[in-house]
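Here the structure comes first, spelled out in structure tokens, and everything after it is commentary.
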Amino acid sequence: MKCIENWAKGLALFAGATLVCGALYTAVVTLVAQVAFPYQANGSFVEGSDGNRYSMLVGQSYSDEGHMWGRVQNYNAETFVGEDGSIRLWAGPSNISPASEDFESSVAERVAEIRAAHPEHAGEPVPSDLVTCSGSGFDPHISPAAAEYQVERLAKNTSKSEEEIRTIIRECTDGPQFGILGDATVNVLKVNLMLDGIL
């Protein structure tokens, strides 16, 4: 009899915890997010003047001279497909050891590419975030120093002056969270959408 009581109590506790933590908590957090932070809760999408939707949380790969370059993106479009055969794109860290020859060669290749496109910075170190992948594999942000590194190239290849480009960069720069946590970051996707006149 005692065993049955213990099982009943255990099942009741399990059901209650599932209801509170699995359903009630989720519903409350979702409701609060939708009311207080709907933009962030729904993916931080913006509607471009070209009719497309862009998530400010996902980095895009730009390699042409007229756009700002971001971090190395590590997308995978081969592993997963949906039931209808459509590609399920995902991203993640490369998991290549910084001590490996693969890492050294890929960084050296990227450094050479960056330096070739920015001869005005000959002899200067290349900002590390322009040659390495982030932990997420799709980070849309770079440091202000990495953004400034590209200003002259962008001015040469767009119809904008260096000061106009710096103004755009300032508009797309987020400061440390709460003013003290982390560093300032520049959203590369937002900069490029503004350069294109889409935002």
Side-chain angles (χ1 to χ4, degrees), residues 37 39-40 43-46 48 54-76 89-100 102-158 160-199:
F37 314 103
Y39 170 71
Q40 294 88 341
S44 299
F45 281 98
V46 294
Y54 299 88
S55 173
M56 295 294 105
L57 303 175
V58 179
Q60 312 288 321
S61 293
Y62 289 92
S63 58
D64 62 289
E65 298 286 308
H67 286 102
M68 181 170 282
W69 297 351
R71 302 199 69 159
V72 177
Q73 306 298 319
N74 191 40
Y75 291 114
N76 182 312
L89 186 69
W90 66 279
S94 65
N95 291 330
I96 298 174
S97 169
S100 71
D102 287 344
F103 182 83
E104 183 179 356
S105 64
S106 65
V107 168
E109 184 180 321
R110 179 74 169 172
V111 166
E113 181 184 351
I114 297 290
R115 284 191 169 147
H118 303 87
E120 66 276 7
H121 292 296
E124 296 178 25
V126 175
S128 62
D129 45 336
L130 290 179
V131 297
T132 56
C133 182
S134 69
S136 67
F138 60 90
D139 192 346
H141 299 95
I142 58 174
S143 65
E148 176 61 31
Y149 190 90
Q150 304 177 65
V151 168
E152 288 183 54
R153 169 177 61 80
L154 291 171
K156 288 176 187 174
N157 293 282
T158 65
K160 296 182 173 11
S161 67
E162 290 185 18
E163 189 49 46
E164 287 176 310
I165 291 168
R166 289 191 175 98
T167 299
I168 290 174
I169 290 171
R170 283 193 293 271
E171 288 182 35
C172 300
T173 300
D174 296 319
Q177 191 171 30
F178 309 123
I180 56 170
L181 299 177
D183 299 311
T185 57
V186 179
N187 190 304
V188 175
L189 175 59
K190 191 173 180 183
V191 168
N192 287 329
L193 292 177
M194 291 182 74
L195 287 174
D196 289 341
I198 292 174
L199 279 183

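Atom set for the values below is all heavy atoms of this structure, side chains included, hydrogens, waters and symmetry mates excluded.
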Quiz item: Distance-only, no hydrogens or angles: does the Glu113 side chain make a donor-acceptor pair with backbone N or O of Glu109 under 3.5 Å?
Solution: no
Practice problem: Mind checking side-chain hydrogen bond (donor to acceptor under 3.5 Å, both in side chains) for Thr132 and listing every partner two or more places apart, or none if nothing turns up? | Solution: Arg71
Quiz prompt | Shortest non-hydrogen separation from Arg115 to Pro125 and the atoms involved | solution = NH2-CA, 4.3 Å
Practice problem: With sequence neighbours left out, write down each residue that passes salt bridge (Lys or Arg N to Asp or Glu O under 4.0 Å) with Glu152, or none if nothing qualifies. | Solution: none
Quiz prompt | From His121 atom NE2 to Ile114 atom CD1, the distance as rounded to the nearest 0.5 Å | solution = 10.5 Å
Quiz prompt | From CD (Gln150) to CD1 (Ile169), nearest 0.5 Å | solution = 8.0 Å
Quiz item: Does any non-hydrogen side-chain atom of Leu195 lie less than 4.5 Å from one of Lys160?
Solution: yes
Self-check item: Contact summary for Cys172 and Met194, nearest pair of heavy atoms
Solution: SG-SD, 3.5 Å
Which pairs of donor and acceptor atoms, one on a side chain in residues 181-191, lie under 3.5 Å apart (sequence neighbours left out)?
residue, atom, partner, partner atom, Å
Asn187, OD1, Leu189, N, 3.1
Asn187, OD1, Lys190, N, 3.0
Asn187, ND2, Met56, O, 2.9

Quiz item: Which heavy atom of Glu65 sits nearest a heavy atom of Ala117, and at what distance?
Solution: OE2-CB, 3.9 Å
Quiz item: Glu124: what forms a salt bridge (Lys or Arg N to Asp or Glu O under 4.0 Å) with it, not counting sequence neighbours?
Solution: none
Quiz item: How far apart are the closest heavy atoms of Met68 and Leu154, and which atoms are they?
Solution: N-CD2, 3.6 Å
Practice problem: Please list, chain by chain and in numerical order, all residues satisfying salt bridge (Lys or Arg N to Asp or Glu O under 4.0 Å) with Glu148, sequence neighbours excluded. | Solution: Arg166
Quiz item: In this structure, are over 12 heavy atoms from other groups packed under 6.0 Å from Glu104 atom CD?
Solution: no
Quiz prompt | Heavy-atom closest contact (Leu130 atom, Ala146 atom, distance) | solution = CG-CB, 3.8 Å
Practice problem: Indicate the atoms forming the closest heavy-atom contact of Trp69 with Tyr62, along with that distance. | Solution: CD1-O, 3.3 Å
Quiz item: Sequence neighbours excluded, which residues qualify as side-chain hydrogen bond (donor to acceptor under 3.5 Å, both in side chains) partners of His67?
Solution: Asp64, Asp196
Quiz prompt | Polar side chain donor-acceptor pair, Thr173 to Arg170, under 3.5 angstrom | solution = no
Quiz item: Going by heavy atoms in the side chains, are Thr158 and Glu164 under 4.5 Å from each other?
Solution: no
Quiz prompt | Interatomic spacing from OH in Tyr149 to CD in Glu120 - rounded to 0.5 Å | solution = 7.5 Å
Quiz item: Looking at side-chain heavy atoms only, is the closest gap between Asn192 and Ile198 below 4.5 Å?
Solution: no
Practice problem: Ignoring hydrogens and angles, tell me if any N or O in the side chain of His118 forms a donor-acceptor pair with the backbone of Arg153 under 3.5 Å. | Solution: no
